[in-house]
**Student:** 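Would you mind keeping the following structure in view while I ask a few things?
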Amino acid sequence: MSEIDLLRESVRRFAREVVGPTREALNHFPERPLPAGIVSGLGELGLFDAEIEPGLVSAALEELAKVAAAPAALVLTHAVARALVREAGGGRSAALGGLNGHGIFACPIYSELDLTDGAPSLRRIGAEIELEGTAQLVVGAPLAKVLVLPVRDAAGWALVGLETSEPGVVLGEPLLTLGMRGCPTADVSFQQRRFPADRVLATSPEVVRRVARRFRGAAVAISAGILASSVQAATEYAQERYQGGGAIIEHQEVRAILGRMLEDLAVCQDSRELLERDTVPEWRALAAFLRAKERAAHATSDGVQLLGGNGYMEDYGQERAMRDAKQAQFLFGRTDVARQALAGAVP
Amino acid sequence: MKHFDPEAFTAQSEQSFSQMYPALAALGKHRPQALKDYERILREARRFRREYIEPHALEVERAVMRDPTYVAEGAIRAASEYGFFSTMIPRAFGGGGLSFGAMIIALEELGAGCLGISNLLGVHGLALATVSATGDLAAMEKVSRLLTSGERAGRPHLLSTAITEPSAGTDVEDADFLRVARLVSEATPVRGGYRLNGRKVFISNGSIAHTHVVILPTDKKKPVETTFAFLVETTTPGFRVGRVERKMGQKACPAAELIFEDCFVPESARLNSKPLPGRAIELVLGATRGGVGAWGTAAARGAFERALVHAKTQRLDGRFLIDHQWVQIKLADMQRNVMLARASYVDAMLSNELFGLSRLAARNGMNEIQRLLPQRVLDSAAVKKVMTSRRAREGFQAAIDELADWEVDTASAHGSAAKVSCTDLGMVNCHLALEVFGAAGLRHDSGIEKIYRDAKLLQIYEGTNQLNRIELYKRGVNRGATGLDLTPRPGTPVEHEVQP
């Protein structure tokens, strides 16, 4: 068994035995507490390790997302934030020794990380920096040891890394979001607090573009995992649900909807596989990334539709899939903004 | 940063009636009273939206997330002050006397603020339409009086309509499907009345309503021939509310299971003399599906208005979003979708007035008579006697029977077309709006992700959009065809009726 298959199998078992029974509680976070054992279990699987490769992350996330996408979003965010620190060379800083240690890393992964709109502002004062403002929707922040945040520099863009325990880092209440509800997310505020200047990890957004390119496959794996479970639930329901004188799968329109969902699942899985290759031209990789996330978001809405009223209720899991897939579409930012970059990547 | 600013938001929703409804405004030159009614209800709905719905919609939703049995009593009380629960009850029965059309204009305005609260109000429309379509004016009068007297005290007598069963959703929305449905519920005729047994599910307002309009067959093996509407009070022995569902959205309007266990109701609880499937139910759905179209438009509009405010106040890549061409195009598409959706449901509304249930309510100059007579006269015993007489009931039934098939089908086809078009456009606008928002739209306090969740239900209830396409095919495309097998069989030509 290859390393990737071993990990898949371990994650599949963990998802089934540990995550599955807690799905309802995960779905009601932050109204209910986060179920115990999820975060520690993910750690025991090595999913928060420093050196985990994007390919392994991708395999793990697809299996996790088939059961619950929220823990998958937490793992992806951590992997991306950690990779940003490594890529920016932040771990070399003595003051940032903590950034190489254990603990969860957080970042605003649903935003365009290479832009700074709405981000805190940074002012350089001698050997220090001053941060002011609020970083919004920082994924993983309530659990994190390290925050990796784009900020507005006088010169434009900068990336900072901070420990959540540092004075001046104010963590907001966990936010209620459209999907991925068991993945704790919060705003992080700064009120003109000063930090050592070596908290600045990078000043060129190219670093986040490089990292985002490496983790596109992992992001699509989440969409693929969500959609796979939605297709499976919809198919089982269509075979069992009696309406119009027979199982609804006998209705041509139902078959057409299921067929479209499978087409979209194939797009997601093909895209994930394509994105795991090293030699794919940028325009094809970006196109596959955008297409897969968008198709999964629409297909999971069809998954709800296929179950009718039952699909709209929490019991069948389809509504969660629809919300999670829509939120997953925003991993690394808006589709339409990225699509414009695609136009510039013509071969 | 404020993620949703009601004041900035209000400034975006200041279109006048004639800007929103140019066709109705033009028509109003010939129907000045109807135009006045439309304009008045729009003003009132807008005021209620600003004063209550916008400030409270998100907190109501979070309360229901914590406890699905939470009742939005504040919304019910506030809506009562406006008389929204009785707007379309005839003045002779103590209501506002406005048309169904006027009510759905209100539903769009309220729904653009919160689809859940608008639905809480609107399901009364379905219940009242169902009662009125039975022609049982005595029952209508009784329900209406209870409702309006409670409403004046801030505690309206709420209604629900119970149709869906655990194993029959689509099957109970169409006569062809009903014929082969696997029903679990039945009203067995017994001495002096009926004994009700079974379960109804996903009943909007089911857990908070005081009276339920329950659709049941007296012989579940012959549902098409034996289905009637029964009025069941919450206090009736043998009736109880089961689980309250945890829904994805529209949380202000609870959906509940209703359980009937040897629940006896007297003969008088059965409203209609003729079975409901066929004309009566077609007339009800032709009207109410237009109402769902108004909610689809509301979803499209709520998403658009929030995206517009966000685009004007937030930046991307250093510039305000609204200064980006791609955002401008998206906003234009959203506005266009609102216009298209509104035109579709207004067509359904007018079709309903020309050919459907609203025409029956307005027959013999009833609306004009009620408008002209003083309320004390309308409340008198003499008027009550006339309105609830057997003759009036038979007259209403005769009016239903006199409608031509093509008229009922036309109203029904427009209702289904509006329902599908508007609710699909509502979802389209939610996707577009979320793109404009970006990550900010994923947070609950933005208000936009709520519309995305709320809007999805519109594609499902009042018949899924798939069923409504079949209805449109049967009522508009190929009249008389059945919807169970859409593949034409060779050698079985369908007869086409020539429409005037």
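Proteins get letters first, then strands, A, B, ... in listed order; numbering begins at 1 in each.
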**Student:** Once rounded to the nearest 0.5 Å, what's the spacing between atom CE of B:Met65 and atom CZ of A:Arg32?
**Tutor:**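 Rounded to the nearest 0.5 Å, the CE-CZ separation comes out at 12.0 Å.
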**Student:** Apply salt bridge (Lys or Arg N to Asp or Glu O under 4.0 Å) to B:Glu471 and list each qualifying residue two or more places apart in sequence or on a separate chain.
**Tutor:**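 For B:Glu471 the salt bridge (Lys or Arg N to Asp or Glu O under 4.0 Å) partners, ignoring immediate neighbours, are B:Lys474, B:Arg475.
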**Student:** Hey, which of A:Gly309, A:Gly311, A:Gly333 has the most heavy atom pairs under 4.5 Å with chain B?
**Tutor:**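 With the most close heavy-atom pairs to chain B, the winner is A:Gly309.
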**Student:** Taking B:Arg179, B:Met427, B:Arg315 one by one, which has the highest count of heavy-atom pairs under 4.5 Å against chain A?
**Tutor:**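 Option with the top pair count is B:Arg315.
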**Student:** Does any heavy atom of chain B fall under 4.5 Å from the side chain of A:Arg339, the backbone, both, or neither of them?
**Tutor:** neither
**Student:** Is any side-chain heavy atom of B:Arg66 closer than 4.5 Å to a side-chain heavy atom of A:His28?
**Tutor:**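 When only atoms from C-beta onward are counted, A:His28 and B:Arg66 do not touch, as no gap falls below 4.5 Å.
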**Student:** Distance check, rounded to the nearest 0.5 Å: A:Glu112 atom CD versus B:Leu316 atom CG?
**Tutor:** 6.0 Å
**Student:** Given salt bridge (Lys or Arg N to Asp or Glu O under 4.0 Å), test A:Asp117 with B:Arg319 step by step and report yes or no.
**Tutor:** CA-CA 9 Å; A:Asp117 305 283; B:Arg319 283 185 291 159; over 6 Å; no
**Student:** Measure B:Leu178 against the heavy atoms of chain A and call it side chain, backbone, both or neither at under 4.5 Å.
**Tutor:**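 For B:Leu178, neither part sits under 4.5 Å from chain A.
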**Student:** Non-hydrogen atoms of chain A under 4.5 Å away: do they reach the side chain of B:Pro68, the backbone, both or neither?
**Tutor:** neither
**Student:** Please indicate whether A:Glu31 has more than 12 foreign heavy atoms, meaning atoms of other residues, nucleotides or ligands, lying under 6.0 Å from its CD.
**Tutor:**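 Above 12, so yes.
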**Student:** Please classify the contact of B:Leu321 with chain A as side chain, backbone, both or neither, using a heavy-atom distance under 4.5 Å.
**Tutor:** side chain
**Student:** Answer with side chain, backbone, both or neither: which region of A:Ile248 has an atom nearer than 4.5 Å to a non-hydrogen atom of chain B?
**Tutor:**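 No part of A:Ile248 comes within 4.5 Å of chain B.
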**Student:** State, to 0.1 Å, how close B:Ala439 and A:Tyr110 come at their nearest heavy-atom pair, and which atoms those are.
**Tutor:** CB-O, 3.4 Å
**Student:** Does any N or O in the side chain of A:Gln243 come within less than 3.5 Å of the main-chain N or O of B:Thr170, such that one atom is a donor and the other an acceptor?
**Tutor:** yes
**Student:** Taking every heavy-atom pair that is under 4.5 Å apart, which of A:Leu115, A:Leu175, A:Asp336 has the most such pairs with chain B?
**Tutor:** A:Asp336
**Student:** Among B:Met248, B:Arg243, B:Lys247, find the one that has a side-chain contact (heavy atoms from CB on, under 4.5 Å) with A:Met313.
**Tutor:** B:Lys247
**Student:** Check this for me: does any side-chain nitrogen of one of B:Arg443 and A:Asp187 sit under 4.0 Å from a carboxylate oxygen of the other?
**Tutor:** yes
**Student:** Mind checking which of residues 322-334 of chain B sit less than 4.5 Å from chain A, heavy atom to heavy atom?
**Tutor:** B:Trp326, B:Lys330
**Student:** At a heavy-atom separation under 4.5 Å, does A:Pro205 approach chain B through its side chain, its backbone, both, or neither?
**Tutor:** neither
**Student:** What distance separates B:Leu467 CG from A:Glu253 CD, expressed to the nearest 0.5 Å?
**Tutor:**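 The distance works out to 11.5 Å.
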**Student:** Return the minimal non-hydrogen interatomic distance between B:Arg453 and A:Leu178, and the atom names on each side.
**Tutor:**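 Looks like CG-CD1, 3.8 Å.
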**Student:** Pick from A:Ile109, A:Asn310, A:Val337: which one has the most heavy-atom pairs with chain B under 4.5 Å?
**Tutor:** A:Asn310
**Student:** Looking at every heavy atom in both A:Arg241 and B:Ser167, which two are closest together, and how far apart are they?
**Tutor:** NH1-CA, 3.5 Å
**Student:** Mark yes or no for whether A:Tyr312, through its side chain, and B:Gly249, through its backbone, hold a donor-acceptor pair below 3.5 Å.
**Tutor:** yes
**Student:** Does any backbone or side-chain atom of A:Met322 lie under 4.5 Å from a heavy atom of chain B? Answer side chain, backbone, both or neither.
**Tutor:** both
**Student:** Please report the closest heavy-atom contact between B:Ile460 and A:Gln305, naming both atoms and the distance.
**Tutor:** CG1-OE1, 3.7 Å
**Student:** Counting distance only, does the side-chain N/O of A:Arg334 pair as donor-acceptor with the main-chain N or O of B:Glu435 below 3.5 Å?
**Tutor:** yes
**Student:** Looking at CZ of B:Arg246 and CD of A:Glu319, how far apart are the two atoms once the value is rounded to the nearest 0.5 Å?
**Tutor:** 10.5 Å
**Student:** For the OG1 atom of B:Thr464 and the CG atom of A:Leu307, what is their distance to the nearest 0.5 Å?
**Tutor:** 12.0 Å
**Student:** Any heavy-atom pair between the side chains of B:His431 and A:His298 that's under 4.5 Å?
**Tutor:**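 Yes, their side chains come closer than 4.5 Å.
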**Student:** How many angstroms lie between atom CG of A:Leu306 and atom CD of B:Gln466, to the nearest 0.5 angstrom?
**Tutor:** 8.0 Å
